[in-house]
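Order of the sequence lines sets the chain letters (A, B, ...), proteins ahead of strands, with each chain counted from 1. Heavy-atom basis, side chains included; hydrogens, waters and symmetry copies ignored.
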Protein chains: 2
Amino acid sequence: MSNDLDTVFAALADPTRRTILAMLLEDDMAVTDVAEPFEMSLAAISKHLVILTKAGLISQEKRGRVKWCKLEPDALRAASVWMQGFGQFEPVNLDAFERFLETELPTADDA
Amino acid sequence: MSNDLDTVFAALADPTRRTILAMLLEDDMAVTDVAEPFEMSLAAISKHLVILTKAGLISQEKRGRVKWCKLEPDALRAASVWMQGFGQFEPVNLDAFERFLETELPTADDA
DNA sequence: CGCATATTCAACCAAATGGTTGACCAAACC
DNA sequence: GGTTTGGTCAACCATTTGGTTGAATATGCG
């Protein structure tokens with residue numbers, strides 16, 4: 001009875017991971033660069049990236065010694081469809097989204 | 001840096017809780033009736049309902065000795081907006097949603 | 001009152017989560 | 001070849017999660 005919605009929603013439930021997704025929305029990034037703004041260890045970020053990858057929310061491709069992370073927004077579609085079934089939400093509202101991104105982007109004292 | 005998206009997505013990450021939400025989509029229900037199709041204890045369902053309530057996804061109102069659970073789909077709006085920022089998903093697709101519901105409704109051998 | 005019904009509380013447990021550190025491996029550079 | 005750089009692995013730890021059971025608290029009923 002568990003399906004990929006489990007993994008996707010669980011992946012989205014962590015603020016660090018949501019911030020990473022928002023960062024990748026702008027451009028593909030190397031693992032080290034993803035980790036840079038956070039105050040936790042590289043290994044911790046590496047684990048988060050594994051979780052995002054297993055949820056299908058990002059893909060990782062190794063070129064040379066650098067592993068590039070790429071957003072895979074399609075993985076959100078099933079979850080989005082599921083949620084939309086509960087109400088007639090307004091169509092894509094990029095203004096509201098920008099405000100969310102501002103509250104989610106990492107800062108110097110981000111956990 | 002944690003906000004209600006944490007709680008909402010975490011609440012949605014459990015298949016039992018998503019099933020409960022789908023059940024409440026049809027009608028308000030008493031706690032005992034919510035628990036009936038599941039094979040776990042009433043106390044376990046009670047805990048799930050607390051989590052859903054804290055996430056704002058349902059509300060509970062006690063009338064007499066019965067506590068009624070009501071879906072609060074508005075709590076999904078912020079999460080939906082967040083997700084939609086990652087891609088131009090198709091508008092509400094009720095057919096797809098019906099299929100999801102079918103895979104999520106509890107059965108006799110549901111965990 | 002006395003009992004049944006509806007629901008939560010408390011204590012407990014196993015497993016999962018999110019983090020750490022240090023060792024390790026692979027690719028690139030001088 | 002030796003060292004730096006990029007990233008993961010392994011072991012460990014504290015906390016949270018999702019479940020259990022049994023006792024407790026209301027409320028309603030005869």
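Through side-chain heavy atoms spaced under 4.5 Å, either directly or across other Ile, Leu, Val, Met, Phe, Trp or Tyr residues, B:Trp68 is tied to B:Val66. Through direct or relayed side-chain contacts under 4.5 Å between Ile, Leu, Val, Met, Phe, Trp and Tyr, A:Val50 connects to no other residue.
By the side chain to side chain contact (heavy atoms under 4.5 Å, CB included) test, B:Thr32 pairs with no residue at all, sequence neighbours left out. Partners of A:Glu36 according to the side chain to side chain donor-acceptor pair (under 3.5 Å) rule, which considers only residues two or more places apart in sequence or in another chain, do not exist here. With sequence neighbours excluded, no residue forms a side chain to side chain donor-acceptor pair (under 3.5 Å) with A:Ser41. Partners of A:Ser59 according to the side chain to side chain donor-acceptor pair (under 3.5 Å) rule, which considers only residues two or more places apart in sequence or in another chain, are A:Glu72. Scored by the side chain to side chain contact (heavy atoms under 4.5 Å, CB included) test, A:Ala13 finds B:Phe9, B:Ala10 as partners (sequence neighbours excluded).
One interatomic measurement links the two molecules: CG of B:Leu42 to P of C:dT5, which rounds to 14 Å at whole-angstrom precision. One atom, CD of B:Glu61, and another, P of C:dA6, lie 18 Å apart when rounded to the nearest Å.
Contact between the side-chain N/O atoms of B:Ser41 and the OP1/OP2 oxygens of D:dT20 is found at a separation under 4.0 Å.
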side-chain contact (heavy atoms from CB on, under 4.5 Å) between A:Met83 and B:Met83, worked out:
CA-CA 10 Å; A:Met83 290 174 60; B:Met83 291 175 58; 3.4 Å; yes
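Taken residue by residue, residues 43-59 of chain A places heavy atoms nearer than 4.0 Å to DNA chain C at A:Ala43, A:Ala44, A:Lys47, A:His48, A:Ile51.
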Quick test: give all pairs of protein nitrogen or oxygen and nucleotides 26-30 of chain C nitrogen or oxygen below 3.5 Å, distance rounded to 0.1 Å.
residue, atom, partner, partner atom, Å
C:dA27, O3', A:Arg65, N, 3.4
C:dA27, N3, A:Arg65, NH1, 3.4

